[in-house]
Amino acid sequence: MVSKLSHLQVELLGALLESGLTKETLIKALSEVEPYMLQSESQRAINALQTEKGESCPEIPNLPNGMGESRLSEDETSDDGEEFTPPIMKELENLSPEEAAHQKAVVERLLQEDPWRVAKMVKSYLQQHNIPQREVVDTTGLNQSHLSQHLNKGTPMKTQKRAALYTWYVRKQREVAQQFTHAGQGILTEEPMGDDLPTKKGRRNRFKWGPASQQILFQAYERQKNPSKEEREALVEECNRAECIQRGVSPSQAQGLGSNLVTEVRVYNWFANRRKEEAFRHKLAMDTFSGPQPTPAPPLTPHNSSSLQPPSALSPSKVHGVRYNQQPASEAESSSSNHHGNNSMVTTQTILHQVSPPGLEPSQNLLSTDTKLISASGGTLPPVSTLTALHSLEQNPHALSQQTQNLIMASLPGVMAIGAGETSSLTPAFTNTGASTLVIGLASTQPQSVPVINSMGSSLTTLQPVQFSQQLHPSYQQPLMQQVQSHINQSPFMATMAQIQNPHALYGPKSEVAQYTHTGLLPQTMVITDTTNLSALTNLTPTKQAFTSDSETHTESGMHTPVSQAPTIHLQNQDTTIQNLQPGPRLTSSPAVSSSSLVLYQSSDSTNSHSQLLPSSHNVIETFISTQMASSTQ
Amino acid sequence: QAGKAHRLSAEEREQLLPNLRAVGWNEVEGRDAIFKEFHFKDFNRAFGFMTRVALQAEKLDHHPEWFNVYNKVHITLSTHECTGLSERDINLASFIEQVAASLS
């Protein structure tokens, strides 16, 4: 877009500008200097300049039509009779005409390349320097949505527009390089610092935390939530250093970070916001725990009909803001299982569901502490971004195994434990992901809630028999299944176990069981495993074989029977199944019949998320079968 | 406001000239001056360079002796007032280096 200026003219212009001449002065001089050129030419030049000026520097007054040198060089009138294109102004801005020509050449070269490759380059540059898209949009005149799509998704962009983008890119690189090399020195004309043009939003871009800095801050936050001024200042240095390194620049040139420079005030604010966030999450958790009235999150089956259960042991432990509610399984009756450990992680991610729905609900709660909290509070605005802290959760994978253990232990003692709300044992499980798969499923939060997955414990609690029976809701199942697929946590396993067991052990009444199976909360979840289980069963035990031969329905019916059986049997089975499962039978995912699916998750089975469901169901089936057998024999 | 026009003493030379020598400036035989040859990609760049230097020279009120053929520029710096090297030459030389660097 260097357009009509000859290279020499460009060079000379650049030289002039570089010598300290401002555009304003230049324009003014053009109008004042005696008419050396033909008036028409001057006018054209002036008009062109005006246009460009207008585009880039709104404050420049219009030049009068009239005499004035139209060209810096005293050559004959140039051949372009039309308006100079905007680039001219940009050319003038270039400190070096040579540089301008060079830039133009680079842009041309970029235009020849594969647009997607160049887009990726530009995008990564934006990320590296934490440049807001808005800045690009303001200076290039491109449409923000179009730009975003082009950079992120490769949506085609016309050559002319791409040229504008690449020109911006080339210039920005130079500008940034200058910012860094002349850090601290007020160099040159146009604002090399911050943004290139006085945007409507003001001179500087809004500050944005870079990922490197955030990591440093979160680590510091873990150490101490309230750092002193000295510590904050140390963090400032550390962050700026990291940001410079990210940009491939020497840390001594931190001033070049411009609008993204980390200052002590910013660090102070960051800590304040995180503290508020945590307090808020805690508050939500407390609220949920004590009595959830808030409207359940729509995404999930807004069951919330049941009131939240009596505050189960809201586990006070928080892991970096991960909060989980634990609900005493004891209150089996009290449906509202809302309080299950909530992982803040889950929550944030899920942010969808409400805790309420009985049975599966609990899992939901588990899923999204944040979301739950948010919904629970019924409209209280969460502080800053409750979403930010979750990252810490992600870093506790070890919790999983712990949880599994806990869950298993919990389940073994019998449903009682589960039902009785032995939350304590389950508590740890909640810690991290807490969200049992069930929960997740329920929450339909989806797949990403990986962290959630851990909460086996939560699932257990949720499983409380009573709850199950009541509200098995088809919707739960599906999410659950999804969850299972995405994670391989023990939780699903345990959840299944819990589910299965609870009804049986604690609540003899078939009704419950029946409901249980019907609703299919379990069944659905099991769905996944169903078939598999059957086959697995076959392999595992004779009972299974018998079972296998049956159809799914059979299994289901089988489930009913066992329900009424003594819990102990179940327990034993569970034990066995659990143990058996350990080796990790691989079950193909098939729709689980019921219960069984739930049980099958094993921590060891980290390889197949899908299979996890299966194994659990597998176990479940086993359990059922045995029960069945038992019953039949009886 | 030109810099001092007094001839550089031996110590001053010892202190200032090495830097310039390091980037290619050489002392001229037979006179107290420094000289360097510049090459550019093409005439445009060369002349752009010269323009910049010229503008600065005007500002400093200290002008170089130079020669240009297409993309080459030969520059000799010396101070007339003291018939030798002075601070002005050093300043201008530094500026010239800066410009040349940014253009290449």
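Contact between B/L55 and A/A15 at its shortest, heavy atoms only, is CD1-O, 3.4 Å.
Other residues, nucleotides and ligands contribute more than 12 heavy atoms inside 6.0 Å of the NE2 atom of B/H39.
The side-chain hydrogen bond (donor to acceptor under 3.5 Å, both in side chains) test applied to A/N130 returns no partner, not counting sequence neighbours.
The CG atom of A/L8 sits 7.0 Å away from the OG1 atom of B/T51 when rounded to the nearest 0.5 Å. Of the inter-residue distances, the one linking B/M50 atom CE with A/L12 atom CG reads 11.0 Å to the nearest 0.5 angstrom.
Applying the salt bridge (charged side-chain N to carboxylate O under 4.0 Å, His left out) test to every pair with at least one member in residues 19-28 of chain B, sequence neighbours left out, gives these pairs: B/R21-B/E27.
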